[in-house]
Structure formats: structure tokens, C-alpha cells
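Data first, discussion second: the structure below is written as C-alpha cells.
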Amino acid sequence: MEALGRFLFFLQNSPKRQLLMIRKYLLLQFFWVLAVLASLVYNINAAYQETLKNASVAAEATVNRDISFRSWAAKKGGVYVFANQGTDSNPYLVHPLKDLTTQEGIALTLLNPAYLIRDLQEHSVTELGIKTRLISRNPINPKNQADPWEEKILASFTNQKEPITELVEVNNQAYFKSIHPFYVKAECLSCHAHQGYKVGEVRGGIAASVLLEPYLANYNSHKYKLLLTHSGVALLGFIGLFASYSREKKNSLTQEKHLQELQLAATVFEQSYDAIIITDQNGIIVDLNNAFERISGYTKAELVGKNPSWLQSNQQDTETYQEIKKALAYTGHWQGELWSTKSNGEPYAVILSVNTIYNEKFPKEITNYLAVAADITHIKDNEKQLQYLAHYDTLTNLPNERLITQQLRQAIIQADAQNTQLAVVYFDLDSFKKVNDKYGHETGDQLLIELTKRIKRLLKPEDLFGRLSGDEFILVFTQLENIQQSTALLNELLATIAKRSLANDEIVKVTASLGVTYYPQDPSDTEQLIRHADQAMYAAKQQGKNCFEVFDPQLDLNLRNLSTKAKEVQKALDNNEFELYYQPKINSQTNQVIGAEALIRWNHPVKGLLAPGLFLPDISNHTIMQQVSYWVMQNAAKQLNEWQQAGINCPISINMDSNLLHDPDFITNLKQVFIDYPHLNPNNLEIEVLENIAVDDLEKTSQVLLQIRKQGVLISIDDFGTGYSSLSYLKHLPVNTLKIDQSFVRNLIDDADDLAIVKGVISMADTFKLAVIAEGVETQQHGLRLQELGCKWVQGYGISRPLPKDQFLLWLEQWNNNAQWLN
């Protein structure tokens with residue numbers, strides 16, 4: 001990289017080189033223009049002179065022709081022709097033998113040379129406009145009288161014997177006039193002796209007038225051609241110069257570009273925020289940048305000449321290193337996350353990109369390897385913090401409700417596999433509210449921390465312990481061989497809680513009420529086990545508190561009345577007692593309505609309008625629940641079709657029951673919806689799936705959701721953040737939207753933990769390129785805060801409660817006309 005410094009002066013002066021090159025080519029163009037102009041002027045002038053010469057030659061040639069004919073006629077003494085109507089006798093000829101009659105009686109008349117020439121001249125005018133005539137200073141025929149210019153020329157012949165040719169303007173037209181003198185010869189005296197001429201005197205001449213216009217026309221045509229040809233030559237010259245300039249400039253710019261690229265590469269190498277390592281073909285480090293020294297703590301001197309394996313961390317599995325070698329061998333490139341070790345032994349995480357560099361002349365020959373690493377340790381720490389906030393209680397560091405539920409689900413699976421039993425204990429502290437009221441919440445929090453530490457000391461490592469909310473906890477004794485084994489544990493738990501505690505310098509004592517249910521004696525699922533333990537806890541409170549009660553599945557009203565509830569729901573379906581209400585979803589930034597969630601309501605003939613929470617939980621494990629779900633899907637599609645035909649664009653989302661998701665007929669029934677409504681746009685239908693349902697059987701769920709997406713239907717994860725602890729499932733599920741659970745949204749203004757979770761979900765959605773919507777938005781303050789966090793899609797009572805169809809359409813019309821929610 002140091003070699004680039006040699007080119008620094010050259011690069012700094014490159015603008016000057018460009019200016020000199022431009023000046024050079026401008027000078028060349030100037031001289032080229034001068035050369036072309038000089039050639040043009042020369043050729044135009046030559047063409048003009050040639051034109052004048054041609055006109056002059058034409059005039060002289062015509063005169064010479066007439067002179068030759070006159071000389072011939074003079075030597076012959078004239079020419080006798082038939083005297084008839086076609087031949088006029090020369091009235092000016094004085095000659096004793098002018099008129100003759102032959103022996104045959106044929107009349108002849110003598111035509112002297114002058115008459116012959118004039119007659120020929122009058123009957124022949126050339127196409128070039130050349131006219132000739134006989135002239136004399138003392139003519140017999142008045143037509144031969146010389147004009148002033150001709151008179152002047154004839155007078156000059158006394159001293160000059162050569163013909164005269166000059167350019168003369170007559171009647172605003174240019175002519176070349178040429179006069180050739182003729183002299184008195186002995187044979188001329190036979191006709192002209194009476195005029196007193198002597199042999200050798202200038203008697204007159206032959207004058208030729210050449211109109212210059214046709215010659216100038218040819219000249220102008222030739223001049224135009226010269227202009228065209230010289231313009232073409234000039235243009236070709238410009239093109240050649242420009243091509244030469246462009247080529248030279250391109251070569252110069254290419255050279256400068258290469259040099260600048262080298263300088264830029266050197267600058268990027270040294271100033272890059274990411275760490276860069278260059279090795280030779282054997283993997284030995286030959287160079288590294290400042291960023292690598294800063295990130296790793298190693299200096300260049302410590303690492304140059306060593307193999308990068310020196311930096312490997314024991315947190316990274318060996319398979320990854322094998323994968324890197326294999327990828328470089330086959331594709332020449334590898335990219336991924338990797339753990340490395342700093343000079344102080346501290347591990348750190350990077351996003352590493354390794355590329356193979358080949359010899360330009362021999363493409364298969366490896367010269368170097370280039371590795372670029374970005375430190376993502378802080379991102380990993382943030383992920384851990386987000387995972388912690390989503391699944392742990394920040395006060396007691398215990399698993400929260402969503403995590404303890406997941407742990408209980410795994411404990412059930414393990415109990416089934418090991419043929420052991422579980423005791424699910426739900427408890428809260430008796431009169432804990434009085435502690436907060438009397439001593440303050442800080443003392444109450446300290447008490448909860450102290451009790452958590454005490455209870456943990458009672459538990460085996462495999463037991464579960466979590467905080468649900470406030471003073472409510474759940475505890476699971478695992479690997480029990482029998483129910484009786486838990487009795488002592490429960491009594492010890494009561495005694496431990498009842499001990500006096502020192503909290504915030506206050507001596508505080510509380511008791512607890514415990515509710516217990518046993519698995520597999522209670523063969524319920526995870527949520528119902530917790531619910532049953534909760535019911536038993538209330539029974540303990542009714543028994544006087546500070547005790548425990550065991551749940552009896554046989555006495556569970558829900559289970560005993562399940563069949564009755566299912567029959568009531570079936571009757572309601574048959575009597576068309578169910579109705580869909582619609583709760584709008586909006587874009588808080590634009591106030592645009594982006595859709596509505598369809599929520600079922602039961603118009604009970606006796607109890608009146610019932611919300612879903614008052615009847616759906618009672619039938620959640622019954623097959624009638626699937627019929628209700630299909631009813632919702634069919635009616636939502638019907639409503640969508642009606643709105644679509646009316647020109648109302650309002651997508652509808654529906655909730656999917658867990659049993660419906662795994663119903664083998666579900667996809668067939670979904671396809672039937674679009675058969676029933678062939679013009680329905682599938683993208684306007686969205687199915688909401690609870691997060692915990694989506695990840696129970698990830699592979700199977702993913703396959704079902706993929707089939708749903710193939711129909712064009714959208715999918716959202718409902719109550720996001722309350723489900724599985726690992727978020728990797730998002731890479732495997734074909735979802736479009738994440739729906740932030742209202743439990744986080746409701747308290748995000750005041751609860752830092754909930755705010756952190758909401759931020760994390762929004763960031764997660766952005767990472768996976770998913771849309772995000774918040775439910776449970778109660779106030780404009782919630783909407784504004786969510787908008788600041790990057791979540792514009794919202795839903796909740798702060799916008800509108802769920803409304804029946806007709807009221808929803810009225811609300812929609814009013815909203816579209818007067819939408820000012822956050823304005």
C-alpha cells in the first residue's frame with residue numbers, strides 16, 4: 001500500500017495534464033481550420049481565375065475562327081452564290097464583277113468576306129452566349145460601326161498588334177470582349193480602294209463578346225462543391241482530432257482511474273471501520289488494517305507472518321472452519337457469522353466475508369485471500385437483551401408467562417417420555433396489596449426479590465419457576481414418581497413464604513395461596529393446566545388462604561359443559577345467530593384505512609350480544625370450533641366480494657384456530673372460497689395465526705402456511721412476542737406481517753420493558769422485511785409514540801371499536817371525509 005505514495009504528485013497534478021491536453025488539441029484544431037480555409041480560398045480563387053480564363057479563351061477562339069474564315073475568303077476574292085430570294089446582294093459592295101450570269105443563264109452575286117462573316121455571325125450564336133461582329137472606325141455598313149470601347153481599342157492597334165481581351169460591364173452584365181485587328185491587304189483593295197486604305201493599315205477588327213453569366217454559374221457550382229468537400233475534409237479532421245483526443249483522454253483517465261482506485265483502496269484499507277486481513281496463498285497473514293488492531297487488540301507486528309487460526313475462539317464449532325475451507329475451495333467465497341478471540345482472551349462476534357484473489361494472468365492461480373470482518377458483538381448483546389426482555393421478568397429474573405408456558409410444554413413432553421408426573425402450582429401472595437399500600441412499591445419489590453431467592457433454594461435444577469404478573473407465580477415440580485411426593489414440597493413452600501422477610505429495612509410477613517394440578521392425571525394442554533391450577537388457587541383462597549388446594553378434573557365445569565356448549569353453538573350456527581364485526585386498521589401517518597379485522601359476535605337470544613371471549617374458550621377443544629372458523633372465513637369472503645363489487649377496497653383479516661390450521665380439509669375449503677367467489681382478490685384476505693400455534697410444529701405449520709400463500713392469501717403472526725423464545729422460525733414461515741401483542745402496546749408509554757420489546761419487534765420486522773402492525777392502541781399518544789418508533793399501522797379502541805357492517809361503512813365514509821386522527 002505504501003507504493004501508492006509515489007503517484008500522489010501525479011494524481012495531484014492530473015487536472016493540469018488534462019488542461020494541457022485540451023490546449024494541445026484546441027491548437028491543432030485551430031491550425032487545421034486555418035489549413036482548410038487556406039485551401040478553400042486558394043481553390044476558389046483558382047476556380048474563378050479558371051472561369052475567367054475559359055471565358056477569355058472562348059472569346060479568342062471564336063475570333064480566331066472568324067479570322068481564319070475571313071482570311072480564306074479574302075484569298076479566294078469572295079464567294080459567288082446564286083442570286084435568288086434566299087440570298088441578298090451586298091448593297092455596300094463596289095466591285096466591277098459583282099453580278100454575273102453564266103452561259104447557262106444562272107444569275108450569280110459576289111459575297112465579299114465581310115458580308116460572309118457578318119451573315120454567318122448573325123445566324124450563329126453559341127450556346128455559351130458568345131457573339132461576334134465586324135467593326136470598323138470608318139465602316140461602309142453602319143452596323144459595323146465600333147462602339148466607344150471598341151473605337152478606343154481599334155485606335156490602340158496602331159501601336160499594338162496583338163488582340164485585346166478585357167472584362168467589360170454592359171447593361172449591368174459582365175462580358176469578356178475580345179477584338180482581333182485585321183489589316184489592309186492587296187486583295188482587299190479591290191473592294192475597299194475607294195475608301196483610301198493602304199496596304200498594312202488597320203482597317204477594323206472582329207469583336208467577340210462572351211457573356212460571363214453561364215461561366216459564373218459553373219464557377220458557383222464548382223465553388224459550392226469546393227465548400228462541401230472542404231467542409232467534409234474539415235469535419236473528418238475534427239472527427240479524427242476528437243477521436244485522437246478522446247482516445248488520449250480515455251487512456252489518461254483510465255490511468256488516473258487505476259491510480260485513484262489504488263489510492264482509494266489504500267485509503268479504504270487503512271480507514272475502513274471494518275477489520276481487513278490479507279493473507280498469502282498459504283493463509284499466512286501479510287497485512288491488516290488499523291480497524292483489525294482496534295477490534296482484536298492485536299498489533300500488526302504480532303500477527304503478520306502467522307496463520308489466522310491463531311485467532312479462533314472455543315465458542316466456534318470446528319464444522320464452521322471446515323465449511324469455510326470447503327467454500328473457498330469450490331466457490332472462492334464464504335460469508336457468515338464467526339466468533340473470534342481478542343488479545344486479552346475475550347471472545348467477540350463478527351460478520352466475516354472471505355474472498356479468494358486470483359492471478360490476473362493465470363486465473364486459476366491463487367495469490368491471496370481477503371477477509372473483511374464487521375464487529376457485531378453489540379448486536380449479539382442486544383439480541384440477548386431483547387430475548388431476555390421478551391421472556392424474563394426484569395425484577396425477579398424469573399421466566400415470564402410466555403416463557404414458563406413454553407417450559408411447561410417441554411416438561412410435559414419430557415414427562416411423557418420418562419413416564420413421570422408433574423405438579424403445576426399456581427400461587428399468589430395473600431394481602432400483598434396491603435404491603436404496597438403500607439410500605440410502598442419499592443418495599444414490595446424487595447419482598448418479591450427476597451421470596452424468589454428463598455423459593456429457588458427449595459427447587460431442584462430441573463424444576464420450573466416463573467412470575468406471571470404482580471404477585472402471581474407459577475411453579476412446576478418435575479420428575480415426580482407419585483402425587484404424594486409433592487405434599488411435603490407444597491407444605492415447605494407455604495412455610496418458606498410465610499417466614500418474615502427484611503425488605504427495604506422493613507420487617508414484612510406474607511402468606512400464599514397455592515393451587516395445584518397434576519399431570520397426567522389432569523390430561524389438559526399447557527394453557528388449561530395453568531388455568532386449572534389458577535382455579536384451584538382461588539379455591540385455596542376460599543378455604544382461608546395460606547394453604548393449597550388440588551384441582552379435580554372431574555369437577556371442571558368447562559369439561560362437564562363442553563358438550564352442552566357445543567350444542568348451543570351448533571344451534572346458533574343453524575339459526576344464523578352469529579355476526580361479524582369489523583375493527584378498522586389504519587396507517588397513522590397518512591390516515592388511510594388499510595383494512596379491518598373481522599371479529600365474531602353471538603346475538604344470543606337470551607344473553608344478548610356476546611363477545612368471542614364469552615363462548616369461544618368453552619369450545620376451543622371441540623370440533624364445533626372448526627365449523628365456527630369456517631363460518632368466519634366464508635362470511636368474511638362474502639363481505640369482501642360485496643365490498644369489491646361496490647368499489648370499496650378494504651382488506652379483511654380473520655383469526656385462525658389451531659385445530660383448523662391442521663385440519664386436512666382446510667386448504668380444500670380455502671380453495672372452495674375462491675371457487676364460490678371467482679372475482680375475489682386473494683390479496684385482500686389475511687389469516688392471523690397465533691405465534692405459539694405457528695411454532696408448535698414448525699415443519700408442519702410451515703407447509704400449511706406455504707399452501708395458504710400459494711392461494712394468494714396473506715398471513716400475519718398474531719400476538720407476536722408472546723410465543724416461542726427463539727425467533728429463528730421467522731426465517732422458515734412464509735408470513736407477511738407481525739402483529740405486536742396489545743399487552744406490550746398498552747403499557748409502552750410507562751413501562752420501559754414493554755417499550756423495549758415493542759422496539760425489538762419493530763426492528764425484527766424490519767430485519768426480516770415484514771410489515772408490522774400494533775393492536776390495542778387506546779390513545780393518540782400511543783399512535784404518536786408508535787409512529788416515532790417506525791410502526792405506522794395501528795388498530796385499537798383509540799381509532800374505533802369493532803362495528804357491525806352497516807355502522808362500519810358509515811364510519812369508513814366519515815373517516816375518509818374527515819380523517820384527522822393524529823393531525
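Keep in mind that this is a model prediction, so the values were computed, not measured.
No side-chain donor-acceptor contact under 3.5 Å links Thr443 and Glu506. In summary, the side chains of Asn669 and Tyr630 do present a donor paired with an acceptor at a separation below 3.5 Å, with no hydrogens or angles considered. Side-chain contact, Thr396 with Asp393: a donor N or O sits under 3.5 Å from an acceptor N or O.
One finds no salt bridge joining Lys607 and Glu577 here, because no Lys/Arg side-chain nitrogen approaches an Asp/Glu carboxylate oxygen to under 4.0 Å. At a threshold of 4.0 Å, the pair Asp430-Lys545 does not count as salt-bridged, since none of the basic side-chain nitrogens sits closer than that to a carboxylate oxygen. The pair Glu597-Lys585 does not count as a salt bridge, with every side-chain nitrogen at least 4.0 angstrom from each carboxylate oxygen. Salt bridge status for Arg409 with Glu527: present, with a side-chain N to carboxylate O gap under 4.0 Å. A salt bridge links Asp428 with Lys541; the closest basic N to acidic carboxylate O contact falls under 4.0 Å. In this structure, Glu450 does not pair ionically with Arg500, as no charged nitrogen and carboxylate oxygen lie closer than 4.0 Å.
Residues Leu786 and Val745 have side chains in contact (heavy-atom distance under 4.5 Å, counting atoms from C-beta outward). Under the 4.5 Å side-chain criterion, counting only non-hydrogen atoms from C-beta, Arg601 is in contact with Pro612. Considering only heavy atoms from C-beta on, Phe720 stays 4.5 Å or farther from Leu690 through its side chain. The shortest side-chain heavy-atom distance between Leu573 and Phe578 falls under the 4.5 Å cut-off. A 4.5 Å side-chain heavy-atom check between Glu337 and Val350 finds every atom pair outside the cut-off. Looking at Arg531 and Gln535, their side chains come closer than 4.5 Å, going by heavy atoms from C-beta outward. Considering only heavy atoms from C-beta on, Phe808 comes within 4.5 Å of Pro584 through its side chain. For the pair Trp815 and Val593, the minimum side-chain heavy-atom distance is below 4.5 Å.
Contact between Ala498 and Thr511 at its shortest, heavy atoms only, is CB-CG2, 4.3 Å. Summarising the geometry of Leu529 relative to Thr517, their closest heavy-atom pair is O-CG2, 3.4 Å, with the distance given to 0.1 Å. In plain terms, the two heavy atoms of Ser524 and His532 that are nearest each other are OG-CE1, 3.1 Å. Closest heavy-atom contact between Pro804 and Tyr581: CD-CE2, 3.4 Å. The two residues Asn655 and Ala598 come nearest to each other via the heavy atoms ND2-O, 4.3 Å. For the residue pair Ser800 and Gln583, the shortest heavy atom distance occurs at O-NE2, 3.2 Å.
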Evaluation steps, side-chain contact (heavy atoms from CB on, under 4.5 Å), between Arg402 and Thr405: CA-CA 5 Å; Arg402 60 188 70 97; Thr405 302; 5.7 Å; no

side-chain contact (heavy atoms from CB on, under 4.5 Å) between Gln787 and His782, worked out: CA-CA 8 Å; Gln787 196 177 102; His782 285 86; over 6 Å; no

Ile708 vs Ile715, test: side-chain contact (heavy atoms from CB on, under 4.5 Å). Steps then yes/no. CA-CA 8 Å; Ile708 295 174; Ile715 299 171; 4.0 Å; yes

After noting the C-alpha distance and the side-chain angles of Trp793 and Ile594, does the key distance pass the side-chain contact (heavy atoms from CB on, under 4.5 Å) rule? CA-CA 8 Å; Trp793 290 4; Ile594 61 172; 3.3 Å; yes

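Between Phe473 and Phe427, the ring planes are parallel. Angles under 30° get that label, and only those over 60° would be called perpendicular. Using cut-offs of 30° and 60° on the angle between ring planes, the pair Trp602 and His604 is tilted.
Of the possible polar contacts, one joining the Arg709 side chain to the Val713 backbone as a donor-acceptor pair under 3.5 Å is found. Checking side-chain atoms of Arg467 against main-chain N and O of Gly470 turns up a donor-acceptor pair under 3.5 Å. Between the Ser431 side chain and the Lys434 main chain, no donor and acceptor come within less than 3.5 Å of each other. Side-chain atoms of Ser629 come within 3.5 Å of backbone N or O of Met625 as a donor-acceptor pair. Side-chain N or O atoms of Asp463 include none that pairs as donor or acceptor with a backbone N or O of Leu475 at under 3.5 Å. Asp534 places no side-chain N or O within 3.5 Å of a backbone atom of Ile530 that could act as its donor or acceptor partner. For Asp751 (side chain) and Asn747 (main-chain N/O), no donor-acceptor pair under 3.5 Å exists by modelled atom type. Here the side chain of Gln592 pairs no donor or acceptor atom with the backbone of Ile586 at under 3.5 angstrom. Between the side chain of Ser716 and the main chain of Asp718, no donor-acceptor pair closer than 3.5 Å is present. Checking side-chain atoms of Asn635 against main-chain N and O of Trp631 turns up a donor-acceptor pair under 3.5 Å.
Between Asp375 atom CG and Ile295 atom CD1 the span is 5.0 Å, to the nearest 0.5 Å. Interatomic distance, Ile654 CD1 to Leu685 CG, rounded to the nearest 0.5 Å: 5.0 Å. Taken to the nearest 0.5 Å, the CG atom of Leu714 stands 5.5 Å off from the CD atom of Glu686. With values rounded to the nearest 0.5 angstrom, Ile648 atom CD1 is found 9.5 Å from Glu813 atom CD. Rounding to the nearest 0.5 Å places CD1 of Ile799 at 10.0 Å from OG1 of Thr779. With values rounded to the nearest 0.5 angstrom, Gln410 atom CD is found 9.0 Å from Thr526 atom OG1.
Every residue meeting the side-chain hydrogen bond (donor to acceptor under 3.5 Å, both in side chains) condition with Arg746, not counting sequence neighbours, appears here in chain and number order: Gln742. Applying the side-chain hydrogen bond (donor to acceptor under 3.5 Å, both in side chains) criterion to Arg454, with sequence neighbours excluded, gives Ser501.
Residue His378 places its NE2 atom among more than 12 non-hydrogen atoms of other residues, nucleotides or ligands, all under 6.0 Å distant. Taking a 6.0 Å sphere around CD of Gln781, one finds it holds 12 or fewer heavy atoms contributed by other residues, nucleotides or ligands. The environment of Glu579 atom CD is dense: over 12 non-hydrogen atoms of other residues, nucleotides or ligands sit within 6.0 angstrom.
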